[in-house]
Amino acid sequence: GSWSRAMAQQAISEDDLLSFDATGNVTLVHITDIHAQLKPLYFREPSINLGVGEVTGLPPHVTGKDFLELYNIEPGTPHAYALTSEDFVSLARTYGMMGGLDRCATVIKSIRAERGDDNVLLLDGGDTWQGSYTSLKTEGADMVEVMNALKPDAMTGHWEFTYGADRVTELVDSLPFAFLGGNIYDAEWNEPAFEAYRIFDKGGVRVAVIGQAFPYTPIANPRWMFPNWSFGIREEDVVANVAAAREEGADVVVLLSHNGFDVDRKLASRVDGIDVILTGHTHDALPEPVIVNDTLVIASGSNGKFISRVDLDVRDGAVQGYKYKLIPIFSDVITPDAEVSALIDKVREPYEAELSRVLGKTDSLLYRRGNFNGTFDDLICDALISERDADIALSPGFRWGTSLLPGQSITVEDLHNATSMTYPSAYRSMMTGSTLKDIIEDVADNLFNTDPYYQQGGDMVRVGGMGYRINVHERMGSRISDMTLLKTGEPIEADKEYAVAGWASVNEGTEGPAIWDVVESYLAKNPVVQLKENTSVIVDA
Amino acid sequence: MASVKPRVKVPKSASAGEVITIKTLISHPMESGQRKDSDGNPIPRQIINKFTCEFNGQVVFSCDIEPAVSANPYLEFTAKVNEAGTFKFTWVDDDGSVYTEEKEIALN
Amino acid sequence: IGAVAGMRTSPALATAEDAMAKVKEFAGGAEPATGTITLNAPEIAENGNTVPVSVSVESPMTEDDYVESVAIFADGNPSPDVITFNFTPMSGEASATTRMRLAKTQNVIAVAKTSTGQVFMDKKEVKVTIGGCGG
Ligand SMILES: [Mn+2]
Ligand SMILES: [Mn+2]
């Protein structure tokens, strides 16, 4: 509201946000994991983001007060609000919403104006086309249209692929810039399926941008939607592409990556010759680069909340120096770009009535992000148990999904921001206790395997109706214990069958109503959401 | 088996002494012998068990294949080309069938 | 999250000991050395029914010194045997790729034997997962 706008404007100014101690001759601008969020939003950063093995306690596995201390940020400041979950509700009321692609456009245009168009590269890390009602209805066309107005130089992808191979090909062919993915292969003949890298002449230097799509797209998402494409980390191909780009005269090599932070940190430690990794997928926002083996690893957050600016001083074929700033996009402080605002209004216009239809109201903060249950998932799990008459509910640990403050209405748009996808069926099936244990152990190993190359970068599957204990430092098969059916307090029995409802199955032919219909129907009967603190998962970290 | 169809990718030409990459695919279910039918009876093993690539009559590469190899076996390997000539590819089925394919290569 | 993992019949699976016995037999008494051979396979299988595996062995590939064969084994399938690649000096390089079945998470092992009697081995764990979550 206007009060928060006044507060935000008092605390910060557009000039502060844009001010930059410019250096060198080339500027990289990075935005990633927008998840189709065109408009300003609330997005609560995680309060729990555990690292295991060698990265225990290292960024980005630092949250809350520890994060503020590590980066010397005063509690209660705009940066504390943007980067942590500390005091989130009160600071959200003070500093307002963040993001909005029209605000991002203002920042990007300002950087281009300052540095000169020919010295700036805008790079989109992917997860751009999915995550909203309008992106689902237009199969990504709304995002393509608005992003084109920002004039990116290249992008890579992950959730993009969930529109299916035909649609992805159609959209990629339409792009006026490069869609890069050196790790995507034709699954039949084992040949590159996408352009691996492109070299740009910027600021008098040759900048190679190598694209790295999410390696586990066919595992984390339905493979049947793009059966002829194979992904993978393919470290040997990254090595080969770095060498090929250098051979072609690249002065700077940038990896535009959707690997996730820990995978990129390991990759940087093993592959020489990459100057900058612009990382994505794990949605981390870090105010400083992590430097590994002379490579800057840069994490630019998600949902349009941040834009990264990296100035590089490139001379004699090498990077001699850099300056970096993670620019938080305070929606009430940064003036929206009029052209992009109009475009956003245009793509949303056919859907406005439905987007703003109110389904209920929340008295509790609704959010998802974090290693274990977020309150938005608790709402989804409650709806699944109630509407599908189940004992136990499973909801995927996605890192996308916006937040709602206590007192806000829940609209169709809000619900889709937490559920929008092309495989939304809410299944109900009977599972034995041992199958449930296998599933939870499997997901835990995808998150907490000590070798980052074996991690998939989501969060733990959210569970309703069942409690458990997890030791994240154990091995696969030994992390989960004390599984308990909450409604009886009885231990889950290995051979006993339970009615389980869930959604977003990667299996073809999964049947059931769309998850948003399940939640809408639940909200019709329970229009005011009040959630207690979820204590059903006990974490030994 | 009537539906078995080999496909091969070989460059049309190479320089003398060049090492080229050859890719082959053959449509085949590779029935492992580990599966049971709906009545619970074991389905007998039937796989491609041997592959050979010859160049102008000389063996370049071969392999012995077990049931762990996937359906529609894919093989990618290299060959050093010193002269123009003909590659001959041979797949041997458990049932005794032999499937062949040939590709010419010229010298640049 | 996969709704339910695909139900497959579960024959008795080989063990790490079974696979190492095969390696020993193939090596013919020589102790396999590390290095020289590289086995490439994905860390996590996209589809356990068709997992790409590649091997390459550094070798001059001359009449006097070449890689004769590379065998691939897996230590968690119904049988450890997968494939044996037989090379000749006309192969030019000792490298090959195929696609294999993996019944569950397990180690894939590649062993190379050269014409001069050297034996090299490499190993990689490939995870077979239920899949389904993401960022
Ligand atoms: Mn994402
Ligand atoms: Mn992602």
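So you know, we letter chains A, B, ... as the sequences are listed, proteins then strands, and number each from 1.
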Exercise. Could you check whether the rings of B:Phe89 and B:Phe87 sit parallel, tilted or perpendicular, using 30° and 60° as the cut-offs?
Key: parallel
Less than 4.5 Å apart, side chain to side chain, heavy atoms only: is that true for [X] and [Y]?
{"X": "B:Thr21", "Y": "B:Phe77", "value": "no"}
{"X": "B:Tyr99", "Y": "B:Val92", "value": "no"}
{"X": "B:Val4", "Y": "B:Ile26", "value": "yes"}
{"X": "B:Pro67", "Y": "B:Gln34", "value": "no"}
{"X": "B:Ile20", "Y": "B:Ile105", "value": "yes"}
{"X": "C:Leu39", "Y": "C:Val108", "value": "yes"}
{"X": "C:Glu43", "Y": "C:Lys124", "value": "yes"}
{"X": "C:Arg101", "Y": "B:Met30", "value": "yes"}

Exercise. Evaluate side chain to side chain donor-acceptor pair (under 3.5 Å) for B:Asp95 paired with B:Ser97, printing each intermediate quantity in order.
Key: CA-CA 6 Å; B:Asp95 72 0; B:Ser97 310; 2.6 Å; yes
Quiz item: Which bit of B:Leu25 is near chain C, if near means a heavy-atom gap under 4.5 Å: side chain, backbone, both or neither?
Solution: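 For B:Leu25, the side chain is the part near chain C, not the backbone.
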Practice problem: State the CD-CD1 distance between C:Glu125 and C:Ile109, to the nearest 0.5 angstrom. | Solution: 11.5 Å
Within [range], residues adjacent to chain B where the heavy-atom gap is under 4.5 Å:
{"range": "residues 66-73 of chain C", "answer": "none"}
{"range": "residues 89-99 of chain C", "answer": "C:Met90, C:Ser91, C:Gly92, C:Glu93, C:Ser95, C:Ala96, C:Thr97, C:Thr98, C:Arg99"}
{"range": "residues 22-32 of chain C", "answer": "none"}

Quiz item: Which region of C:Asn77, side chain (C-beta onward) or backbone (N, CA, C, O), has a non-hydrogen atom less than 4.5 Å from a non-hydrogen atom of chain B, or is it both or neither?
Solution: side chain
Exercise. Let me know if C:Val53 has heavy atoms under 4.5 Å from chain B in its side chain, its backbone, both or neither.
Key: neither
Quiz item: side chain to side chain contact (heavy atoms under 4.5 Å, CB included) between C:Val126 and C:Val51: does it pass, once the steps are laid out?
Solution: CA-CA 9 Å; C:Val126 180; C:Val51 181; 4.2 Å; yes
Quiz item: Taking it one step at a time, do B:Tyr74 and B:Glu76 satisfy side chain to side chain donor-acceptor pair (under 3.5 Å)?
Solution: CA-CA 7 Å; B:Tyr74 175 78; B:Glu76 183 178 325; 2.5 Å; yes
Quiz prompt | Validation row, ring centre C:Phe87 to ring centre B:Phe61 under 6.0 Å | solution = yes
Quiz item: Does the side chain to side chain donor-acceptor pair (under 3.5 Å) test come out yes or no for B:Thr86 and B:Glu104, once each step is laid out?
Solution: CA-CA 4 Å; B:Thr86 307; B:Glu104 306 283 325; 3.3 Å; yes
Quiz prompt | Distance-minimising heavy-atom pair for B:Val60 and B:Ala79 | solution =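 Smallest interatomic distance, heavy atoms only, reads CG1-CB, 3.7 Å.
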Quiz item: Using non-hydrogen atoms and a limit below 4.5 Å, what part of residues 49-59 of chain B faces chain C?
Solution: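 Contacts with chain C: B:Lys50, B:Phe55, B:Gln58, B:Val59.
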Self-check item: Working for side chain to side chain contact (heavy atoms under 4.5 Å, CB included), residues B:His28 and B:Asp93
Solution: CA-CA 9 Å; B:His28 193 286; B:Asp93 194 305; 2.8 Å; yes
